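Some notes on the structure that comes next.
Predicted model only: the values in this text are computed from it and were never measured.
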Amino acid sequence: ELLSRANLSQLGRIRHAPLPRVYYASLQEAMRNAYVYGRVVWTTIESAQQPEIVAEVADLLHRLERVTWAFCIACLDGRVLISIRSSDPRARCGRLLNQQIGTRGMAGGHHHMAAGFLDISGQDAAGRKRSCQDLIRGLLNSIERRGHTTTGGAGDFPPWQRLIDIASDPGGDENGT
């Protein structure tokens with residue numbers, strides 16, 4: 001009944017709206033900066049211009065075969081934005097992200113997806129970079145402690161592989177070997 005009342009041409013324009021060129025530049029940066037660690041894939045976007053790209057990239061990365069966790073981090077307007085996805089039934093993404101962010105920002109979500117931000121206003125470039133690295137390491141440690149990756153013990157990270165390097169090696173597996 002609702003579909004018969006909908007303006008399908010208007011819905012089509014909304015769903016397939018034109019995107020600015022900067023969107024594709026951010027997407028390219030995200031793919032260039034993507035890494036795989038066991039069943040986790042993540043990326044950072046340093047030059048994000050739109051907050052929506054963070055969730056869209058997390059969704060895109062989560063579709064990678066043999067991946068159960070994906071997250072994207074970007075700096076924008078004095079904040080580190082993060083979006084995380086998981087297909088693991090025990091994921092509890094919202095809780096995991098809240099634990100990582102704590103009182104330094106805000107986060108919310110559900111079992112399989114969550115988003116949030118860290119306040120980095122007032123930090124210099126080195127501090128912003130350190131905040132991103134700490135967040136990535138914290139997320140990887142939390143996921144690892146929960147036993148959600150295919151690798152060894154918590155905190156004992158093997159070298160992760162760049163997604164581009166794995167994708168260009170047709171004989172490699174999800175660990176890039």
Side-chain angles (χ1 to χ4, degrees), residues 1-37 39-88 91 93-94 96-98 100-101 104-123 125 128-129 131-133 135-136 139-140 143 160-170 172 174 176:
E1 184 180 328
L2 181 60
L3 186 59
S4 65
R5 295 186 207 175
N7 183 335
L8 297 180
S9 62
Q10 182 68 19
L11 285 175
R13 283 191 295 276
I14 293 169
R15 186 162 185 222
H16 302 290
L19 296 167
R21 292 174 192 249
V22 70
Y23 174 90
Y24 294 97
S26 292
L27 191 58
Q28 180 183 25
E29 180 184 356
M31 293 302 107
R32 189 176 52 245
N33 293 340
Y35 289 89
V36 176
Y37 169 67
R39 294 197 178 273
V40 182
V41 61
W42 77 93
T43 192
T44 58
I45 305 172
E46 294 179 19
S47 61
Q49 301 292 314
Q50 301 168 306
E52 300 84 14
I53 190 82
V54 180
E56 291 176 12
V57 167
D59 287 337
L60 179 65
L61 291 175
H62 189 239
R63 294 179 61 195
L64 181 64
E65 61 188 354
R66 293 185 295 250
V67 161
T68 54
W69 288 85
F71 61 90
C72 179
I73 294 175
C75 292
L76 182 67
D77 298 330
R79 294 180 170 180
V80 175
L81 306 178
I82 178 159
S83 190
I84 187 168
R85 305 288 187 262
S86 180
S87 57
D88 190 301
C93 291
L96 183 143
L97 196 54
N98 267 308
Q100 290 301 310
I101 290 180
R104 302 173 296 158
M106 291 182 67
H110 308 283
H111 287 296
H112 299 289
M113 64 174 52
F117 71 88
L118 285 174
D119 182 3
I120 57 167
S121 59
Q123 291 186 7
R128 290 190 300 270
K129 185 174 183 173
S131 291
C132 286
Q133 291 171 340
L135 183 57
I136 292 167
L139 286 167
L140 291 173
I143 293 167
W160 38 70
Q161 298 287 317
R162 289 182 55 172
L163 178 58
I164 289 174
D165 296 339
I166 295 169
S168 64
D169 179 12
E174 72 265 14

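Residues Leu64 and Leu163 meet the side-chain proximity criterion, which asks for heavy atoms closer than 4.5 Å. Ile82 is not listed as a side-chain neighbour of Val54, based on a closest heavy-atom distance of 4.5 Å or more. Annotation: side chain of Leu96 is in contact with side chain of Leu139 (closest heavy-atom distance under 4.5 Å). Within the 4.5 Å cutoff, side-chain heavy atoms of Asn7 are placed close to those of Ser9. Residues Gln100 and Leu118 have side chains not in contact (no heavy-atom distance under 4.5 Å, counting atoms from C-beta outward).
Closest of all the heavy-atom pairs between His111 and Ala91 is O-CB, 3.3 Å. Heavy atoms only, all atoms of each residue included: Cys93 and Arg85 are closest at SG-C, 4.2 Å. In terms of heavy-atom proximity, Leu97 sits nearest to Gly116 at CD2-N, 3.8 Å. When all heavy atoms of Glu29 and Glu46 are compared, the closest pair comes out as OE2-N, 2.7 Å. Closest of all the heavy-atom pairs between Ala107 and Asn98 is O-OD1, 3.2 Å. The two atoms that bring Val80 and Cys75 nearest to each other are CG2-SG, 4.1 Å, heavy atoms only.
Side-chain atoms of Arg104 come within 3.5 Å of backbone atoms of Ile101 as a donor-acceptor pair (strictly under, hydrogens ignored). Not a single donor-acceptor pair under 3.5 Å links the side chain of Arg66 to the backbone N or O of Arg39. Using a distance-only test at 3.5 Å, with no hydrogens or angles considered, a donor-acceptor pair links the side chain of Gln123 to the main chain of Arg128. Put simply, the side chain of Thr68 never gets that close to the backbone of Ser86: no donor and acceptor are under 3.5 Å apart. Listed for the Asn33 side chain is a donor-acceptor partner under 3.5 Å among the backbone atoms of Thr44.
A distance of 14.0 Å separates CZ of Arg79 from OG of Ser131, quoted to the nearest 0.5 Å. Atoms CG and CE, on Asp59 and Met113 in that order, are 6.0 Å from each other to the nearest 0.5 Å. In this structure, the separation between CZ on Arg32 and CD1 on Ile45 is 10.5 Å, given to the nearest 0.5 Å. Distance check: Ile120 CD1 to Lys129 NZ gives 13.5 Å after rounding to the nearest 0.5 Å. Atoms CD1 and OH, on Ile53 and Tyr24 in that order, are 9.0 Å from each other to the nearest 0.5 Å.
Side-chain contact of Asp119 with Ser121: a donor-acceptor pair under 3.5 Å is present, judged by distance alone. Side chains of Gln50 and Ser26: a donor-acceptor N/O pair is absent below 3.5 angstrom, by distance only.
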Checking side chain to side chain contact (heavy atoms under 4.5 Å, CB included) for the pair Leu60/Met31: CA distance, chi angles, key distance, verdict? CA-CA 10 Å; Leu60 179 65; Met31 293 302 107; 3.9 Å; yes
Going through the distances and angles, do Leu61 and Val67 end up as a side chain to side chain contact (heavy atoms under 4.5 Å, CB included)? CA-CA 8 Å; Leu61 291 175; Val67 161; over 6 Å; no
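No more than 12 heavy atoms of other residues, nucleotides or ligands lie within 6.0 Å of CZ in Arg63, so this atom counts as exposed by the packing criterion.
Classification of the Trp42-Phe71 ring pair by plane angle, with boundaries at 30° and 60°, yields parallel.
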